[in-house]
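One structure is given below, encoded as structure tokens.
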There are 2 protein chains.
Amino acid sequence: MREGLIAAGLELARAGGPDAVVLREATRIVGVVPNAAYRHFADRDELLAAVCEAAMARLGDRMAAEVARVPGERGDGDADAAFGRMAAVGMAYLEFAREEPGLFATAYALPDQHPYAVPVGVTGPDASPLGQLRAGLDELVEVGLLDAGRRAGIEFPVWSTVHGLAVLLGQGPLRGAPEQDRRMLTDRVLGFIGEGLLTAAAAPDA
Amino acid sequence: MREGLIAAGLELARAGGPDAVVLREATRIVGVVPNAAYRHFADRDELLAAVCEAAMARLGDRMAAEVARVPGERGDGDADAAFGRMAAVGMAYLEFAREEPGLFATAYALPDQHPYAVPVGVTGPDASPLGQLRAGLDELVEVGLLDAGRRAGIEFPVWSTVHGLAVLLGQGPLRGAPEQDRRMLTDRVLGFIGEGLLTAAAAPDA
DNA sequence: TCAGCTATGTGGACGCTGTCCACGTTGCTA
DNA sequence: TAGCAACGTGGACAGCGTCCACATAGCTGA
């Protein structure tokens, strides 16, 4: 039933973002009285936190699926494939934000009392969006597309840039932009990252 | 009284972000009955929209003030000053987000029904944050720090990057990071922008 | 001068929300 | 078999956004 409430909350979040995750409605979907939720969550924020985690996992899944579609395997030294996987990481992030704005917003709406677990210093890849970005960057170094000396910490500028675009386009001032403008903005931003990232004259065709 | 409600809403937003802008509380601060607000705003969202606009104006003011502190004047051809103003634009944005997280979040929390006015195609500078960024970039071109051919549309990658960092640090997964990490992240991100922006070997000391 | 209109604030109510308390019920355990 | 822990129920409360009917004040036009 705990899972049922989270699933219900996820549907609400999908349709209306984090504010739409209303405890009573979630219990109504599950077919139970509002107070029953308090056997599984201390309060609405704890339910929301669980839903946020689930939404973040969805984002991670989407990214992993998109990366898996790129031919070849990690570590085979194929520069084109490595570049392709890096591009897939960024594109999947932006596509998820575009196609599931409610879930994307919810993924980043963890209540203040529930801290995120983002080890800034640690660099190991994992299933989280940041972890997948790190894996992609590591591979870029392996195949020689990214200077090893510039690798440390570079995930944060890259993340910031893509995340900023996703937010500006999805919920921010750019949200009303027509499709044509959206595409242009996306191209420019991804191009900017590419320039800042890749060793000069090493970039495959974007 | 309309202004009074907006001012009250601004205080609430400062303390607790857009969700804290509750209509009844605002009227209580002004010393009036809840329904009185409906003489000036169609509903709570319209009040919130006005508060958001005001918060965005605060951000613009802060940026303008910070830019004005840089010695010299726009258009005098001083490359150091131009670079300093560009840096001031970015730093002011990040400082505002850090010092006034509630207002910063509110500035970007305009309700869905109230569209932002951001002309993507237009390039003229104005008092808005984006306008000030554009002015800074234009000046960079004037003094030769930025290739004229790379100017068009470059404001969006830059904006995205700075905005993304502000969001990740302020409300996102990085919000719990200790001061030392915050500074490192900020340096890296601003450095990344500098690399992507400035004509090679033209960058003054950051 | 006075009738009437418009703008603005008041009072009371409704349904919705999150949350608390006291109460049943079920099923396992000693 | 007695008791206990887990879980769902029912009823209540305050706070919220919002609607309706009402009062009042100030200006306008005859």
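Here is how names work: the chains are called A, B, and so on, in the same order as the sequence lines, proteins then strands, and each is numbered from 1.
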Compare the minimum distances between each of [options] and the side chain of [X], then state the nucleotide with the smallest one.
X       : options                : value
B/Pro34 : C/dC23, D/dT18, C/dT17 : D/dT18
B/Tyr38 : C/dT19, D/dT9, D/dT18  : D/dT18
A/Val33 : C/dT17, D/dG10, D/dC16 : D/dG10
A/Met1  : D/dG17, C/dG18, D/dG8  : D/dG8
A/Ala36 : D/dT9, D/dG17, C/dG9   : D/dT9
B/Leu23 : C/dT19, C/dT8, D/dG17  : D/dG17

Tell me whether the count of non-hydrogen atoms from other residues, nucleotides or ligands lying under 6.0 Å of CD in B/Glu53 goes above 12.
no
A/Glu179 CD: over 12 foreign heavy atoms closer than 6.0 Å:
yes
Answer with yes or no whether A/Arg24 presents, from its side chain, a donor or acceptor under 3.5 Å of a partner atom in the base of C/dG18.
yes
Whether the side chain of A/Asn35 and the base of C/dG18 hold a donor-acceptor pair under 3.5 Å is what I'd like checked.
no
Rounded distance (Å) that lies between atom [atom2] of [N] and atom [atom1] of [X]:
X       : N      : atom1 : atom2 : answer
B/Glu46 : D/dG17 : CD    : C1'   : 14 Å
A/Leu47 : C/dT17 : CG    : P     : 14 Å
A/Arg39 : D/dG10 : CZ    : P     : 14 Å
A/Arg44 : D/dC16 : CZ    : P     : 16 Å
A/Asp45 : C/dT19 : CG    : C1'   : 13 Å
A/Ile29 : C/dT17 : CD1   : P     : 11 Å
B/Leu5  : C/dT8  : CG    : C1'   : 13 Å
B/Arg2  : C/dT8  : CZ    : P     : 11 Å

Do B/Arg58 and B/Glu100 meet the salt-bridge criterion of a basic N to acidic O distance under 4.0 Å?
no
Can we say B/Arg134 and B/Asp126 salt-bridge, meaning some charged N sits less than 4.0 Å from an Asp/Glu carboxylate O?
no
Report yes if a side-chain nitrogen or oxygen of B/His40 is closer than 4.0 Å to either non-bridging phosphate oxygen (OP1 or OP2) of C/dA7; otherwise report no.
no
5'-most by nearest nucleotide on DNA chain C - B/Ala37 or A/Asp43
B/Ala37
How is A/Arg28 classified with respect to the nucleic acid when contacts are heavy atoms under 4.0 Å: base, sugar-phosphate, or nothing?
sugar-phosphate
What orientation do A/Phe104 and A/His163 show, parallel under 30°, tilted 30 to 60°, or perpendicular over 60°?
tilted
